[in-house]
Undergrad: 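The structure follows.
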Amino acid sequence: MKSKGCKSLKLCAGASAGGHMNQLLKLLEHSDLWPIQPAFYVTTLQAVAEKLEERGPVYVIGECNRHHPWKALKTLCRSFRIVLKERPDAVITTGSMPLALFCGLAKLCGAKVVWIDSIANMKKLSVSGRLALHFADLLLTQWPEVAERYNKAKYVGALL
Amino acid sequence: MIFVTVGTSFPFDRLIYAVEAAVRRGLITEEITAQVGIGGYRPKVFTAVESLDKKEYDRCFEKADYIVAHAGMGTISMACQLQKPILVMPRQKCYRELVNDHQMETAHKFEALGHVLAAYDEEDLFVKISRLKSFVPVQRKSQPEKLAECVHLFLLDMVKEK
């Protein structure tokens with residue numbers, strides 16, 4: 001791990017299982033220039049966690065969406081425990097809703113949040129992306145048309 | 001060889017019926033390899049399996065001359081990367097093929113950019129399948145390194161502040 005004298009900064013990278021994770025892995029292929037590498041990872045399914053484990057410790061927070069408030073509560077509880085234990089300084093994510101909850105909590109505990117909205121959202125930000133608008137410190141979308149709709153959203157290119 | 005793939009999370013037999021009908025009409029003469037998912041229908045005129053493991057899937061994709069698929073982002077981006085001519089049919093919410101219509105959006109968008117051919121129903125597939133052989137997809141220029149650079153600058157600022 002390249003820490004270059006900034007060991008005190010702790011980075012977390014996270015994404016939901018599926019397409020979101022593919023996009024995160026694409027981003028991480030180009031992460032070698034970063035001043036810090038992720039110290040731990042967050043995803044939503046155990047099956048995906050196994051793929052990430054070679055990179056570092058992985059936490060599973062479970063799937064949830066706006067139609068399942070009970071599951072969302074469980075995801076929130078798991079996320080809260082992880083945030084308190086790990087105290088990340090920054091979280092980078094490609095979505096979706098479970099990661100928005102995680103990032104929101106991390107932000108409350110002082111972390112900075114980088115939200116990259118999924119490439120699947122071509123007209124407007126995803127529901128979770130619109131939630132992240134409230135707390136993200138850097139918000140990237142993968143379509144110029146989407147960036148035009150929100151002051152905070154920036155377009156520099158697409159991951160896929 | 002034509003590789004037909006529909007993903008595995010929701011049924012999508014509508015595409016399998018359409019491809020089979022196209023074969024019966026003589027619109028497809030090439031050999032077909034198909035991954036038909038959990039819809040339950042097994043085509044009579046070409047061989048199909050429910051799902052392929054990642055390795056098999058990649059091998060079929062690489063071997064194929066053309067791809068016919070649902071409008072999933074994973075499938076489309078793989079076709080773009082491998083420069084494979086691809087015809088997509090979006091899953092639709094009204095047929096319970098997906099929870100929403102985001103594949104319609106994906107199909108329209110990537111069709112407009114010239115990366116894919118898109119068919120929106122069976123009749124449309126009959127028309128587009130014949131165009132697939134001469135279709136040269138516009139090369140997609142994704143820039144993951146640009147996003148990584150953006151994150152890099154953000155992290156660098158954080159490190160400096162510390």
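Here is the naming used below: chain letters follow the sequence lines, and residue numbers restart at 1 for every chain.
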Undergrad: What part of A:Val114 gets within 4.5 angstrom of chain B, counting heavy atoms only: side chain, backbone, both, or neither?
TA: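 For A:Val114, the side chain is the part near chain B, not the backbone.
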
Undergrad: What about B:Val88 and B:Phe3, same hydrophobic cluster or not, with Ile/Leu/Val/Met/Phe/Trp/Tyr joined at side-chain heavy-atom distances under 4.5 Å?
TA: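 Yes, B:Val88 connects to B:Phe3 through the hydrophobic network.
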
Undergrad: When you group the ILVMFWY residues by side-chain heavy-atom contacts below 4.5 Å and let the links chain together, are B:Val45 and B:Val49 in the same group?
TA: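 The answer is no; the residues belong to distinct hydrophobic clusters.
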
Undergrad: Any chance you could lay out the side chain to side chain contact (heavy atoms under 4.5 Å, CB included) test for A:Lys112 and B:Glu161, step after step, and finish with the verdict?
TA: CA-CA 12 Å; A:Lys112 292 206 168 172; B:Glu161 277 170 26; 3.5 Å; yes

Undergrad: Are B:Leu27 and B:Ile32 grouped together when hydrophobic residues (ILVMFWY) are joined by side-chain heavy atoms under 4.5 angstrom apart?
TA: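 Yes, same cluster.
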
Undergrad: Counting heavy atoms not belonging to B:Asp53, are there more than 12 under 6.0 Å from its CG?
TA: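 More than 12 heavy atoms, drawn from other residues, nucleotides or ligands, come within 6.0 Å of this atom.
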
Undergrad: Please look at A:Ile116 and chain B and tell me whether the side chain, the backbone, both or neither of the residue comes under 4.5 angstrom of a heavy atom of that chain.
TA: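 Looking at A:Ile116, just its side chain touches chain B.
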
Undergrad: Taking the six-membered ring for Trp, are the ring centroids of B:Phe110 and A:Trp143 within less than 6.0 Å of each other?
TA: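 Yes, the ring centres sit under 6.0 Å apart.
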
Undergrad: Side chain, backbone, both or neither: which part of B:Gln81 has an atom under 4.5 Å from a heavy atom of chain A?
TA: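 For B:Gln81, the contact with chain A is made by the side chain alone.
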
Undergrad: Could you give the distance from CG (A:Leu159) to CG (B:Leu147), rounded to the nearest 0.5 Å?
TA: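 It is 4.5 Å, given to the nearest 0.5 Å.
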
Undergrad: Kindly state each residue pair satisfying ring-ring contact (aromatic ring centres under 6.0 Å, His included) with at least one member in residues 15-37 of chain B, sequence neighbours excluded.
TA: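 As it turns out, the ring-ring contact (aromatic ring centres under 6.0 Å, His included) pairs with a partner in residues 15-37 of chain B, which skip direct neighbours, are B:Tyr17-B:Tyr41.
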
Undergrad: By a 4.5 Å heavy-atom criterion (distance strictly below it), what part of A:Lys123 contacts chain B: side chain, backbone, both, or neither?
TA: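 For A:Lys123, heavy atoms of backbone and side chain both lie under 4.5 Å from chain B.
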
Undergrad: For the backbone of B:Pro144 and the side chain of A:His30, can you confirm whether one donor and one acceptor N or O come within less than 3.5 Å of each other?
TA: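 Such a contact is absent between A:His30 side chain and B:Pro144 backbone.
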
Undergrad: Determine which pairs satisfy salt bridge (charged side-chain N to carboxylate O under 4.0 Å, His left out) with at least one residue from residues 135-152 of chain A, sequence neighbours left out, and list them in order.
TA: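 Found A:Lys107-A:Asp137, A:Glu145-B:Lys109.
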
Undergrad: For B:Met158 versus A:Asp89, what's the shortest heavy-atom pair and its separation?
TA: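 B:Met158 and A:Asp89 have their closest heavy atoms at CE-O, 3.3 Å.
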
Undergrad: May I ask you to decide if B:Ala148's main-chain N or O and A:Trp34's side chain share a donor-acceptor pair within less than 3.5 Å?
TA: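 A pair under 3.5 Å: yes.
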
Undergrad: Would you call B:Glu105-A:Lys124 a salt bridge at under 4.0 Å N-O?
TA: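 Answer for the salt bridge query: no.
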
Undergrad: Return the OG to NE2 distance between A:Ser31 and B:His152, rounded to the nearest 0.5 Å.
TA: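 If we round to the nearest 0.5 Å, A:Ser31:OG and B:His152:NE2 are 11.5 Å apart.
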
Undergrad: Starting from B:Tyr120, can I reach B:Leu15 by hopping between I/L/V/M/F/W/Y residues whose side chains sit under 4.5 Å apart?
TA: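 No, because B:Leu15 and B:Tyr120 fall into different hydrophobic clusters, even though each may have its own neighbours under 4.5 Å.
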
Undergrad: Can you tell me if NZ on B:Lys141 sees more than 12 non-hydrogen neighbours from other groups inside 6.0 Å?
TA: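 Result for NZ/B:Lys141: open.
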
Undergrad: Are more than 12 heavy atoms, taken from residues, nucleotides or ligands other than B:Lys84, located less than 6.0 Å from that residue's NZ atom?
TA: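 Yes, because the 6.0 Å sphere around NZ of B:Lys84 holds more than 12 heavy atoms from other groups.
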
Undergrad: Please round to the nearest 0.5 Å and tell me the distance separating atom CG of B:Leu155 and atom CG of A:Leu33.
TA: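 B:Leu155 atom CG to A:Leu33 atom CG measures 9.5 Å (nearest 0.5 Å).
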
Undergrad: Select one option (side chain, backbone, both, neither) describing which atoms of B:Ser142 are under 4.5 Å from chain A's heavy atoms.
TA: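 For B:Ser142, heavy atoms of backbone and side chain both lie under 4.5 Å from chain A.
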
Undergrad: Distance check, rounded to the nearest 0.5 Å: B:Cys80 atom SG versus A:Leu160 atom CG?
TA: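 It is 9.0 Å, given to the nearest 0.5 Å.
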
Undergrad: Ignoring hydrogens, what is the shortest heavy-atom contact between A:Gly157 and B:Gln143? Give both atom names and the distance.
TA: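 Reported closest heavy-atom pair: CA-OE1, 3.3 Å.
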
Undergrad: Taking atom OG1 of B:Thr106 and atom CD1 of A:Ile119, what is their separation to the nearest 0.5 Å?
TA: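 So the OG1 of B:Thr106 and the CD1 of A:Ile119 are separated by 9.0 Å.
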
Undergrad: At what distance, to the nearest 0.5 angstrom, does OG of A:Ser126 lie from NE2 of B:His102?
TA: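 Result: 11.5 Å between the selected atoms.
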
Undergrad: Does A:Phe102 belong to the same Ile/Leu/Val/Met/Phe/Trp/Tyr cluster as A:Leu105, with side-chain heavy atoms less than 4.5 Å apart forming each link?
TA: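 In one cluster: yes.
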
